[in-house]
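Below is one structure; the comments refer to it alone.
The structure displayed is predicted, hence computed values, not measured ones.
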Amino acid sequence: MKLRVKVNHETYSALREVEEEYRKVLEDAINYGLSNKTTSFTRIRAGIYRNERERHKDLPSHYIYTTCEDGSERLDSFEKVKKKGRAYTNKPSVRKITVHLDDHLWKFSLDTISISTKKGRVFISPIFPKIFWEYYNKGWRIASEARFRLMKGNVVEFFIVFKKDEPKPYEPKGFIPVDLNENSVSVLFDGKPILLETNIKKITLGYEYKRKSITTGRSTKDREVKRKLRNLRERDKKADVRRKLAKLIIKEAFESKSAIVLEDLPKRTPQHMVKNMKDSQLRLRIYKSAFSSMKNIIIEKAKEFGVSVVLVNPSYTSSTCPVHGTKIAYQPDGGDAPRVGVCERGKEKWHRDVVALYNLRKRAGDVTPVPLGSKESHDPPTTSGWLRAKSLHLIMIEDKMIEMKV
């Protein structure tokens with residue numbers, strides 16, 4: 001959580017001195033790691049601590065520890081980017097400085113926050129926003145580490161980290177399989193499949209058309225064009241949909257003491273999917289659907305609630321009959337991919353997203369019989385107005401009420 005505090009000139013000058021010393025130690029830590037081909041925090045600290053302590057005698061010693069941690073993180077991140085071929089320099093450059101603090105360098109209270117400097121401790125008095133009190137009063141604890149960054153006009157940005165004790169894991173009583181698609185997410189809850197529309201397709205195409213209208217006939221280096229492109233919020237909108245969907249699914253799994261079943265998607269899934277596609281618009285939609293992001297958000301939210309996640313093999317989950325184990329034949333219906341197919345052996349109809357749910361549950365180890373002759377197997381209920389829903393249970397009740405009215 002970020003807090004902005006305006007401080008007096010003396011406090012700002014003391015923190016500025018710390019920042020300047022921190023930058024020098026950080027550059028030495030990065031150079032040592034590069035010359036010795038290591039990203040290990042312990043090796044970097046062992047290699048530079050004595051020399052840095054002699055050079056910066058007035059600086060509290062724990063700043064050297066936190067600087068080594070910062071340098072280790074930067075080197076590790078740089079190596080990952082370099083392996084992917086996305087590094088533009090031979091070594092990580094130190095541009096912006098955010099000073100890392102451990103529990104010896106800062107102390108927290110609701111009145112003041114104290115920070116160690118070369119001249120002793122300085123005190124800042126932030127005004128806590130409403131969201132701070134929401135976390136603070138809900139049992140979240142303030143972590144021992146923190147950071148600060150200096151801005152113009154004697155303003156200090158202070159970053160506080162909240163942590164929550166991991167809930168005790170429980171023995172799952174059932175499974176809730178989740179199948180991720182480009183424009184929807186299908187869930188098998190209480191034996192009933194339901195399709196939740198995400199509208200990712202509309203968001204992707206809408207922003208793509210907007211980018212074309214902004215850049216047509218104009219250079220992307222133009223200042224006005226850059227400003228308009230920066231103001232687009234495609235990533236924020238998609239992230240909002242994913243977070244709300246993940247919370248909705250995980251809360252239901254937590255209340256029903258169930259485990260989540262997901263496909264164990266390989267790295268760069270969209271790249272593999274669009275490999276042989278010729279339709280440029282379909283390639284764009286698949287590439288920007290970000291299946292791995294949705295999976296990672298669900299896993300992250302599951303850890304927060306202590307919900308178990310089972311990852312299974314995703315191959316042929318949409319093309320294999322869960323009853324007979326034979327292939328499902330999909331007839332072209334004029335769309336990008338046929339949605340309803342027929343089992344070659346039993347001749348029953350299956351919706352592509354529904355059959356994937358039953359196969360995921362089966363591969364997770366659930367031997368519950370698969371219902372036959374149900375309309376939902378080839379015509380599952382689809383919901384688009386779920387963003388403000390409080391639970392999947394309420395969504396299904398609302399769908400039943402709509403069917404009764406019809």
Side-chain angles (χ1 to χ4, degrees), residues 1-3 73 77 100 102-103 108 128-147 158-181 184-190 194 196 198 200 235-265 267 269 289-312 314 357 360-361 364-366 383 386-396:
M1 177 176 296
K2 182 170 68 175
L3 305 173
E73 291 173 4
S77 176
H100 293 220
D102 63 12
D103 54 348
F108 173 83
F128 299 109
K130 182 180 178 181
I131 192 170
F132 171 88
W133 296 110
E134 288 181 6
Y135 280 104
Y136 190 80
N137 294 326
K138 285 182 179 179
W140 290 73
R141 60 184 179 85
I142 296 173
S144 59
E145 63 271 11
R147 301 179 185 185
F158 198 86
F159 299 89
I160 292 177
V161 179
F162 278 99
K163 286 187 177 180
K164 194 172 187 179
D165 296 331
E166 294 185 2
K168 295 180 180 179
Y170 57 83
E171 189 68 26
K173 298 178 181 178
F175 296 97
I176 297 181
V178 180
D179 184 45
L180 309 178
N181 302 288
S184 66
V185 172
S186 51
V187 183
L188 187 65
F189 172 67
D190 200 17
I194 184 169
L196 304 173
T198 57
I200 295 294
R235 182 179 296 179
D236 296 339
K237 281 194 174 183
K238 289 182 178 179
D240 181 60
V241 171
R242 294 187 189 111
R243 283 194 294 265
K244 288 178 179 177
L245 183 58
K247 186 176 181 180
L248 188 67
I249 294 171
I250 296 302
K251 280 183 67 178
E252 207 62 54
F254 178 74
E255 291 174 2
S256 61
K257 302 297 180 184
S258 302
I260 299 293
V261 185
L262 291 171
E263 293 177 325
D264 189 10
L265 299 174
K267 290 184 178 180
T269 300
S289 56
F291 298 102
S292 296
S293 296
M294 185 71 243
K295 184 189 83 170
N296 293 336
I297 288 176
I298 292 176
I299 293 174
E300 182 182 338
K301 186 62 70 172
K303 288 180 180 178
E304 182 182 327
F305 281 80
V307 175
S308 301
V309 177
V310 181
L311 299 177
V312 299
L357 294 174
L360 289 175
R361 188 178 69 174
D366 194 331
T383 304
W386 55 268
L387 281 172
R388 295 184 180 275
K390 294 185 178 180
S391 70
L392 287 175
H393 185 67
L394 293 176
I395 292 174
M396 299 187 75

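The two residues Val307 and Ser258 have their closest heavy-atom pair at CG1-O, 3.6 Å. Ile260 approaches Val178 most closely through the heavy-atom pair CG2-CG2, 4.1 Å. Across all their heavy atoms, Val310 and Ala259 have their closest contact at CG2-CB, 4.5 Å. Between Ile176 and Ser256 the shortest heavy-atom distance is CD1-OG, 4.0 Å. Closest non-hydrogen pair, Leu357 versus Leu188, comes out as CD1-N, 3.7 Å. The heavy-atom pair separating Leu311 from Glu263 by the smallest distance is CD2-O, 4.2 Å.
In this structure, Asp366 CG and Leu360 CG are separated by 11.5 Å, a value rounded to the nearest 0.5 Å. Rounding to the nearest 0.5 Å places CE of Met294 at 5.5 Å from CD1 of Ile297. Distance check, rounded to the nearest 0.5 Å: CD1 of Ile298 to CG of Leu245 gives 6.0 Å. We find the CG-OG1 distance between Leu180 and Thr198 to be 9.5 Å, quoted to the nearest 0.5 Å. Atoms OG and CZ, from Ser293 and Arg243 in turn, are 11.5 Å apart once rounded to the nearest 0.5 Å. Atom CD1 in Ile160 sits 4.5 Å away from atom CG in Leu3 (nearest 0.5 Å).
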Inset, instruction - May I have the step-by-step check of side chain to side chain contact (heavy atoms under 4.5 Å, CB included) for Val187 and Leu248, ending in yes or no? - result: CA-CA 11 Å; Val187 183; Leu248 188 67; over 6 Å; no

Inset, instruction - Let me see the working for Asp264 and Lys295 under side chain to side chain contact (heavy atoms under 4.5 Å, CB included), right down to the final yes or no. - result: CA-CA 9 Å; Asp264 189 10; Lys295 184 189 83 170; 4.2 Å; yes

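The ring of Tyr136 has its center no closer than 6.0 angstrom to the ring center of Phe162.
In this structure, Glu145 and Lys163 have side chains that are in contact, with non-hydrogen atoms separated by less than 4.5 Å.
For the side-chain contact (heavy atoms from CB on, under 4.5 Å) test, no residue two or more places apart in sequence or in another chain qualifies with Glu171.
In this structure, Arg242 does not pair ionically with Glu300, as no charged nitrogen and carboxylate oxygen lie closer than 4.0 Å.
Geometrically, Lys138 does not engage Tyr135 in a cation-pi contact, judged by NZ or CZ lying under 6.0 Å from the ring centre and within 45° of the ring axis.
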